[in-house]
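Only heavy atoms go into these numbers, but all of them, side chains included; no hydrogens, no water, no symmetry mates. None of these values were measured; they are calculated from a predicted model.
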Amino acid sequence: AHGGSTDLACRELRVPYDVRPDSEPFVISAFGRLYVRRAEEARRLATSPGALAVFQLARGAEQIERRFREEFLPGYLRRSRLDLAVDLARLSQVELADLHRERRALFVREVYVQAEIVNVAADILFKTALRALEKNGLDPAEHLAHTPRSVVEEGLSLLGEVGRGLRLPSEFLAQHGHRSPLDYELAAPRYAEDPALVDEMAARAALSQQQPRRPAHELPGSRVLKITVDRARRFAALKEEAKHHALRELAFLRGILVELGSRSALGERIFQLTPDEVDGLGTAVLTLSEARNRCAERMERSEALLQVALSSQITPRALESLDVEHGQVLLVRASHSRLKGIRVSGSGGVCGRARVLRNADEIDALLPGEILVARFTDPAWTPLFQRCGGIVTEVGGWLSHAAILARENGITAIVGAGGALDSLSTGDLLRLGEDGSVQLFSDRRVERRSSLRFEVQVSDSTGKFHGELSDLSRFGARLNLSSGSLGIGRHYQLDAHDGRRVGEAQ
C-alpha cells in the first residue's frame, strides 16, 4: 500500500514504484486465495530504474549492507531478546490491543522496511548481474550459484545434525524457533510452538545427504563483471538473512494474537478478524459476541470457497463464468509444448520422472532422482532438495526460496512455469531444458521416425550393455537392451559394433 514497507524502501533507494493513496490493490483475494493483479503490477513498475539509479545503488551496496548489519541489526536483536522475556499473560486486554497496534505499525513502517531495502537492492543487483553475464555470453545459472552460505542452508545443516542425534532440538529452536513453514501467515504456528514438526523435519534432514559446496568457476571477463557478480551473490544471501531476522517481529505479533485469542475464548478463530477488529476486540467497537459470529461466518465461507480448485493464473472473465453452485473446477491448463519458465539453477538437459506435490503433507512421497513439481516451496520442503533430480515450480524468480536452495545444492530448477501443476502428472517422464522449457517425452516423439535398425554398445561408469537402436527421429530413438537396465537421469555413451561413436544419451 501507499506508505507501506515496499513504498518506503523504494523511496529510500530512489527506485521508481508508482503507488498512490488511491491506487488499486496490488493483491486481491479470489475464492480464499491471494493473487497478484498483473495489470497493477505492470503499472507500478512501468518505469524501470535508470542507468544512473542502478549505478548509484551498486556504488552504495556496501553502505546498505553496513547500515543493516551495524546500525539496524544490533538494536533490533536486543529488542527481540527482550521480547522473549515479556510475559504477555500479565498485560490487560486493553494493553494487549495497544501493543498489537504499536507492533504492527513498527513492523510495516520500520522493521520490514529495512528488510525490504535489502530485498529491492538484491533484486536490482541480481538483474544487473544477469544482464552483464548474458551480454558476455555466460550462463547466469552457473555463475550466480556460488552465493555465501545462507541462513537457510545453515538451518538445514543444523536440522540434519539434530536428526542424527548430534545436536539438540533446542539448539535449532534458539536460531530458528521464530520461523514457520508459512513464515508470513500469522495463523501458522512457529517452530517453537510445534516440536513435533521440528522432529519430523529433522528426521527428513537426517536422511538427506548434504552435498559439498562446489568451488566457484573462474569468471572470465573484466574486473567490473566480477565485482558485479560477486555483489549479486552476496546480496542474495543477505536477503535471506534480512528476512530471517525481520520475522522475529511477526513471531512476537503472533504471540500477542494468540494471547488475545485465549483471553477472549476465540482461540485460533482470532485470525479470522482484521487487524482493526482485533484492536477493538471486547469493546463497544466489537463485542465478543459479535466477534464470535463474524469468525464463524468467515470460517464457514472460507471452507466453502476452498472447495473450488483454481490455477496459479486466472482471469476475471474466467471467474465470472465459474459455476460455483454445481462445484465447477476452474483450471487454466498450459499446453505441454508451451510449458516454460526461467532456469535459475543447474545446467539444464535433466531428465526424470515427475512427482507432483501440492502441499507439504505429501513430501515424503518424493523418490530419489524424481523431478519435484510444486506451486512453490517453503522451508518445510528444504530436505527434498538433496534428493530430487530437478525442480519445477509455478511461482518464483531468481531470488525465490526454490531458486536459492536449488543453486546451493547444484540442482537444475525451473521456476515461474505457470500451469505446471495442472499440466503434469506424477510419473510423467520430463526433460528440463537449458532454455527453461519443460517437455514431456511423449510430446517429443510425435514426428516422423526412421525404420533404420542397428546394434549398439551402451556404456557408462557401471558397465557395458548390448542392444539395438531403432525408431530414430530428431528427438530420440528406441533402445532395446539384450541384458541389463538403464537408469533415468544418467549419461550413457553409444558406440556402433565397429567401435564408432554413435552419440550420447541421458
Side-chain angles (χ1 to χ4, degrees), residues 138-139 141-143 145-146 207-218 336 343 345-355 366-373 384-392 406-414 424 426-506:
L138 301 171
D139 182 5
E142 175 185 339
H143 292 287
H146 307 282
L207 297 175
S208 301
Q209 187 65 39
Q210 190 160 14
Q211 301 297 321
R213 276 185 161 249
R214 299 170 299 155
H217 295 287
E218 182 63 29
H336 294 158
R343 179 174 61 85
S345 176
S347 59
V350 170
C351 304
R353 295 284 181 192
R355 175 66 62 175
L366 181 80
L367 300 177
E370 290 185 326
I371 294 176
L372 169 64
V373 181
L384 298 186
F385 285 77
Q386 294 174 1
R387 70 172 190 255
C388 62
I391 297 171
V392 178
R407 287 194 292 270
E408 288 178 352
N409 288 275
I411 301 167
T412 294
I414 293 175
L424 303 176
T426 293
D428 285 342
L429 187 56
L430 307 179
R431 182 182 185 277
L432 309 187
E434 295 271 356
D435 61 350
S437 60
V438 181
Q439 297 178 313
L440 274 77
F441 273 80
S442 56
D443 289 345
R444 286 161 54 89
R445 300 286 285 137
V446 297
E447 73 291 334
R448 187 173 179 179
R449 310 180 191 185
S450 168
S451 60
L452 181 66
R453 294 171 177 267
F454 57 93
E455 293 183 358
V456 293
Q457 179 176 272
V458 184
S459 58
D460 71 349
S461 59
T462 64
K464 298 180 179 180
F465 311 93
H466 292 282
E468 182 184 67
L469 207 61
S470 64
D471 213 12
L472 278 70
S473 73
R474 188 163 56 99
F475 285 118
R478 176 185 293 277
L479 177 63
N480 291 317
L481 295 180
S482 56
S483 63
S485 61
L486 307 182
I488 294 173
R490 289 161 58 184
H491 287 80
Y492 296 94
Q493 178 179 309
L494 277 65
D495 299 310
H497 63 85
D498 59 2
R500 289 181 301 164
R501 175 70 55 83
V502 173
E504 296 181 352
Q506 182 183 63

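When all heavy atoms of Arg407 and Ala141 are compared, the pair lying nearest together is CD-O, 4.4 Å. Shown here for Ala406 and Ala413, the closest heavy-atom pair between the two residues is CB-CB, 3.5 Å.
Distance check: Ser459 OG to Leu494 CG gives 8.0 Å after rounding to the nearest 0.5 Å. Once rounded to the nearest 0.5 Å, the distance linking CD of Glu370 with CG of Leu384 reads 10.5 Å. Atoms CZ and CG, from Arg343 and Leu432 in turn, are 10.0 Å apart once rounded to the nearest 0.5 Å.
Partner Cys388 forms a side-chain contact (heavy atoms from CB on, under 4.5 Å) with one of Ile411, Ile371, Val373 and no other, that one being Ile411.
The closest donor-acceptor contact from the side chain of Arg353 to the backbone of Gly427 lies under 3.5 Å.
Using a 4.5 Å heavy-atom cutoff, the side chains of Thr412 and Ile391 are not in contact.
With sequence neighbours excluded, no residue forms a side chain to side chain donor-acceptor pair (under 3.5 Å) with Glu455. Remark: Asp495 engages Gln493, Arg501 in a side chain to side chain donor-acceptor pair (under 3.5 Å) (not counting sequence neighbours). Applying the side-chain contact (heavy atoms from CB on, under 4.5 Å) criterion to Ser347, with sequence neighbours excluded, gives Glu434.
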Step-by-step side-chain contact (heavy atoms from CB on, under 4.5 Å) determination, Leu430 to Leu440: CA-CA 5 Å; Leu430 307 179; Leu440 274 77; 3.9 Å; yes
